[in-house]
Protein chains: 2
Amino acid sequence: MTKITARQIAAQTGVSIATVSRTINNNGYVHADVRARIEAAMRDLGYLPNQAARNLATGRTRTVGLVLQTLHSPAFVDMTEAIQMTLREKGYFLLMCNTQFNQQIETDYLRLVQSGMLDGMITNAINDTATEMRQLVQQNYPIVFINRSLTGIEGQPTRTGFVQMDLQHATFLATDYLAGLGHRRIGVITGDMQLSTQQRRLGGYREALQARGLEFDPLLVQAVAVNRNEATRDGQLTPKNANALHEATVQATGEFLTAMPDVSALIVIYHTMLPGVLQAIRQVGRRVPDDLSLVAFSDFPMAPFLDPPLTVVAQPSTEMGHKAADMLVALIEQPAQPAQHVLLRPELIVRQSCKPYP
Amino acid sequence: MTKITARQIAAQTGVSIATVSRTINNNGYVHADVRARIEAAMRDLGYLPNQAARNLATGRTRTVGLVLQTLHSPAFVDMTEAIQMTLREKGYFLLMCNTQFNQQIETDYLRLVQSGMLDGMITNAINDTATEMRQLVQQNYPIVFINRSLTGIEGQPTRTGFVQMDLQHATFLATDYLAGLGHRRIGVITGDMQLSTQQRRLGGYREALQARGLEFDPLLVQAVAVNRNEATRDGQLTPKNANALHEATVQATGEFLTAMPDVSALIVIYHTMLPGVLQAIRQVGRRVPDDLSLVAFSDFPMAPFLDPPLTVVAQPSTEMGHKAADMLVALIEQPAQPAQHVLLRPELIVRQSCKPYP
DNA sequence: TTGAAAGCGCTAACAC
DNA sequence: GTGTTAGCGCTTTCAA
């Protein structure tokens with residue numbers, strides 16, 4: 001655990017510490033022979049430059065944060081891996097900031113950019129409308145939003161980017177498909193988060209209904225309460241919110257299906273709620289697809305092997321991850337400019353969880 | 001993006017920079033009034049201490065790394081979230097280091113501890129037998145291994161910890177359950193990694209066979225080749241290895257099932273291979289559980305909703321994550337001592353993917 | 001092509 | 001209780 005410093009490499013090689021720095025960073029002029037000797041010494045002594053010192057000296061950390069609510073969603077896993085691989089190729093590191101839907105934790109993590117610990121942030125933050133968020137953006141810290149939007153910064157030079165799946169189209173695809181099968185009472189299970197995206201998701205639903213001449217009934221939209229304030233683990237050492245969300249989903253969906261016996265099709269907007277919905281469907285004694293058609297959001301490797309194989313709206317998560325990482329690095333390394341936007345299309349993958357309405 | 005420094009807070013408040021530092025860190029003596037004024041100034045100016053500077057001055061970063069091959073395994077997701085939540089409570093951050101099974105990337109990430117970027121590491125590194133690994137351990141860098149072991153360091157004071165599921169018992173549970181149902185030709189689908197754990201996994205298999213008076217046939221153990229050298233994304237922007245692994249699994253399993261028609265039960269050791277195995281089973285025209293009984297490793301939320309509901313050996317992933325994080329923080333904050341060990345028990349969750357042998 | 005020197009912004013003795 | 005001072009290990013002008 002002996003720390004070798006650049007000073008020792010310099011002494012060993014008989015050069016100045018500045019020359020060592022130049023060869024480490026491969027900039028400035030260093031004589032080939034000298035460079036070779038220095039590199040040999042670094043190898044021999046197992047020298048690795050101290051990152052903390054470099055960070056302080058350069059004012060950069062080559063580390064960015066990823067603020068997500070949870071990884072319990074295959075789309076987030078895909079995105080996270082894609083982000084990390086892309087960042088690695090570009091010489092950046094990734095700090096994981098899962099919030100478990102807790103807004104306080106989210107805010108704390110977002111601050112890390114301001115504290116100089118992170119060069120930037122990729123996030124699908126819940127409180128995207130909060131003042132902290134706008135402040136960050138206005139202070140020109142590099143931020144890329146995933147499936148979020150932010151009003152009031154149009155045209156202003158910031159270091160903000162947006163990577164979005166076309167959410168309205170995603171919900172449209174699902175709704176239109178079900179309506180095309182003859183379903184007239186199509187339920188939606190969603191979260192209660194006040195997201196900037198919520199209205200676009202429902203927008204696609206309404207758009208599809210209208211196109212098919214169906215009426216929008218707000219009672220068909222069932223929001224499941226997400227606990228955003230407690231995220232500490234309970235005695236069981238289990239993430240409390242995961243369980244709470246599951247229970248809340250089972251209950252809300254069960255009551256919904258019971259209260260609305262004429263609902264013949266269901267769209268599940270958030271993957272995290274899917275197991276709860278499936279359980280509730282079983283509990284109320286309905287069968288998919290015979291008694292209820294089902295479309296879920298996000299594809300996942302097991303979807304073809306469910307009973308029945310699940311029809312889903314697939315999100316181009318991996319591509320979104322790559323784009324987000326590319327975009328963030330560009331924002332970090334370039335001056336502020338008007339916000340960048342990338343919009344990707346979702347895709348309906350039809351399997352066997354839907355049937356024509358009798 | 002104006003950077004406020006402690007110096008400015010000091011000037012604003014009319015105290016020295018040292019006093020500001022004391023109130024930030026809440027150590028040493030600071031008069032209550034002075035403290036209040038400093039805190040007010042910090043709040044007013046939106047001051048946040050620069051992390052890079054603190055890291056350099058203290059020689060610590062309060063950041064640890066998590067080196068995993070992939071997040072495409074629910075057990076790893078559970079573990080990652082648990083680790084992150086525990087670390088957060090203790091004031092540490094988590095750097096994600098996914099390797100996509102690439103050994104070079106793995107080694108690169110492991111070095112981050114030596115470069116002073118990370119205070120420690122939690123890992124299930126593949127090359128746990130490699131010299132780099134032993135070197136890290138011998139240099140007393142805090143490392144916690146998950147489901148790995150390391151020989152030759154017994155009794156030596158190091159900063160090493162081990163959190164393990166009882167792998168031998170896990171395989172024993174699965175094998176014994178299937179043998180108890182009357183199966184005599186029980187196949188195992190595993191990876192080809194030269195892991196220190198592989199023999200323990202197979203040990204449980206052999207142990208259960210022996211206890212049931214069945215013979216061990218090495219032909220019943222099918223290893224799927226894992227590509228450990230390429231991890232760059234391909235033109236499709238898709239993690240190459242994920243696809244490659246999937247294809248390799250489908251093919252190897254398909255050939256295995258065709259070559260071994262008398263195999264009536266299958267144990268799948270790695271969750272990442274499960275979709276490939278399920279697909280291969282379909283392709284060769286076998287049906288679970290009628291033509292083939294199946295036990296998979298790691299439980300996951302969708303397991304009860306597969307066709308058929310899947311019998312699994314569940315890993316206490318969340319608890320393992322908490323333990324690993326607790327252990328690592330202890331190793332970081334305390335002097336070297338003989339390695340710590342935690343061994344947790346797996347659990348067989350019986351659903352409907354197995355039937356008695358006819 | 002190289003070296004000297006001044007920081008980067010903070011912490012931690014040590015003195016008062 | 002508080003201030004002074006010397007670093008932490010590197011990068012980066014500026015001279016030589």
Side-chain angles (χ1 to χ4, degrees), chain A residues 1-39 41-42 45-63 91 111-119, chain B residues 1-39 41-42 45-63 91 111-119:
Chain A
M1 208 146 168
T2 335
K3 319 252 175 171
I4 313 287
T5 67
R7 154 175 279 112
Q8 291 173 48
I9 301 294
Q12 177 94 3
T13 327
V15 298
S16 81
I17 182 175
T19 304
V20 173
S21 175
R22 284 190 202 97
T23 87
I24 290 171
N25 297 292
N26 202 24
N27 64 11
Y29 298 92
V30 180
H31 192 89
D33 296 353
V34 177
R35 167 181 298 280
R37 270 168 41 225
I38 291 175
E39 281 170 349
M42 296 199 296
L45 297 175
Y47 168 75
L48 291 171
N50 181 292
Q51 288 303 325
R54 307 181 89 176
N55 292 345
L56 179 56
T58 59
R60 312 181 42 194
T61 61
R62 300 197 76 88
T63 304
R111 263 193 243 287
L112 293 183
V113 190
Q114 293 165 307
S115 75
M117 183 170 186
L118 302 176
D119 291 349
Chain B
M1 210 146 165
T2 337
K3 320 250 173 168
I4 313 288
T5 67
R7 155 175 278 111
Q8 290 173 49
I9 300 293
Q12 176 94 3
T13 328
V15 299
S16 81
I17 185 176
T19 304
V20 173
S21 175
R22 283 191 201 99
T23 89
I24 290 170
N25 297 293
N26 202 23
N27 63 11
Y29 298 93
V30 180
H31 193 90
D33 296 354
V34 177
R35 167 181 299 277
R37 271 170 40 226
I38 291 174
E39 281 171 348
M42 296 198 296
L45 297 176
Y47 168 75
L48 290 172
N50 180 291
Q51 289 302 327
R54 306 179 89 176
N55 292 345
L56 179 57
T58 59
R60 313 180 38 193
T61 61
R62 300 198 75 88
T63 303
R111 263 193 242 288
L112 293 182
V113 190
Q114 292 165 308
S115 75
M117 183 171 185
L118 302 176
D119 291 349

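Worth knowing before you read on, the calculation uses all heavy atoms, side chains too, and leaves out hydrogens, waters and symmetry mates. A, B, ... follow the sequence lines: proteins, then strands. Residue 1 opens every chain.
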*Derivation of the side chain to side chain contact (heavy atoms under 4.5 Å, CB included) call for B/Gln8 and B/Gln12*: CA-CA 6 Å; B/Gln8 290 173 49; B/Gln12 176 94 3; over 6 Å; no
*Minimum heavy-atom distance B/Arg62-B/Gly91, with the two atoms named*: NE-O, 2.9 Å
*Rounded to whole angstrom units, what separation is found between the NE2 atom of B/His31 and the P atom of D/dG1?*
7 Å
*Write down the distance between CD (B/Gln114) and C1' (D/dG9), rounded to a whole number of angstrom.*
17 Å
*Work out which heavy atom in A/Ile17 is nearest to a heavy atom in A/Arg7; give both atom names and the distance.*
CD1-N, 4.2 Å
*asked:* How close do A/Arg22 and A/Gly28 get, counting heavy atoms only, and between which atoms?
replied: CD-CA, 4.2 Å
*asked:* I need the CG-P distance between A/Asn50 and D/dG9, as an integer number of Å.
replied: 7 Å
_Minimum heavy-atom separation for A/Met42 and A/Ile24, please, with both atom names._
SD-CG1, 4.0 Å
*Does the side chain of A/Arg37 reach to within under 4.5 Å of the side chain of A/Val15, using non-hydrogen atoms?*
yes
*Hey, which of these two, A/Ala52 or B/Ser16, hits DNA chain D nearer its 5' end, going by closest nucleotide?*
B/Ser16
_Boundaries of the DNA chain C segment in contact with chain B, non-hydrogen, under 4.0 Å_ = C/dG9 to C/dA13
*Go through the structure and list residues passing side chain to side chain donor-acceptor pair (under 3.5 Å) with B/Asp119, not counting sequence neighbours.*
B/Thr61
*D/dC10 C1' sits how many Å from A/Arg62 CZ, rounded?*
16 Å
_Quick check: on DNA chain D, is the nucleotide nearest B/Gly14 upstream (toward 5') of the one nearest A/Ile4, or the reverse? Name the residue that is more 5'._
B/Gly14
*Whole angstrom value for the distance that separates P of D/dT5 from CZ of B/Arg7*: 13 Å
*Measure the shortest side-chain to side-chain distance between B/Ile38 and B/Ile9 over non-hydrogen atoms and say whether it is less than 4.5 angstrom.*
yes
*asked:* What is the separation between atom CD1 on B/Ile38 and atom P on D/dG1, rounded to the nearest whole Å?
replied: 13 Å
*Passes side chain to side chain contact (heavy atoms under 4.5 Å, CB included), A/Met117 versus B/Thr63? Steps please.*
CA-CA 10 Å; A/Met117 183 170 186; B/Thr63 303; 3.2 Å; yes
*Summarise how protein sits on nucleotides 11-16 of chain D as a single string, 5' to 3': B when a protein heavy atom is under 4.0 Å from the base, S for sugar-phosphate-only contact, - for no contact.*
BB----
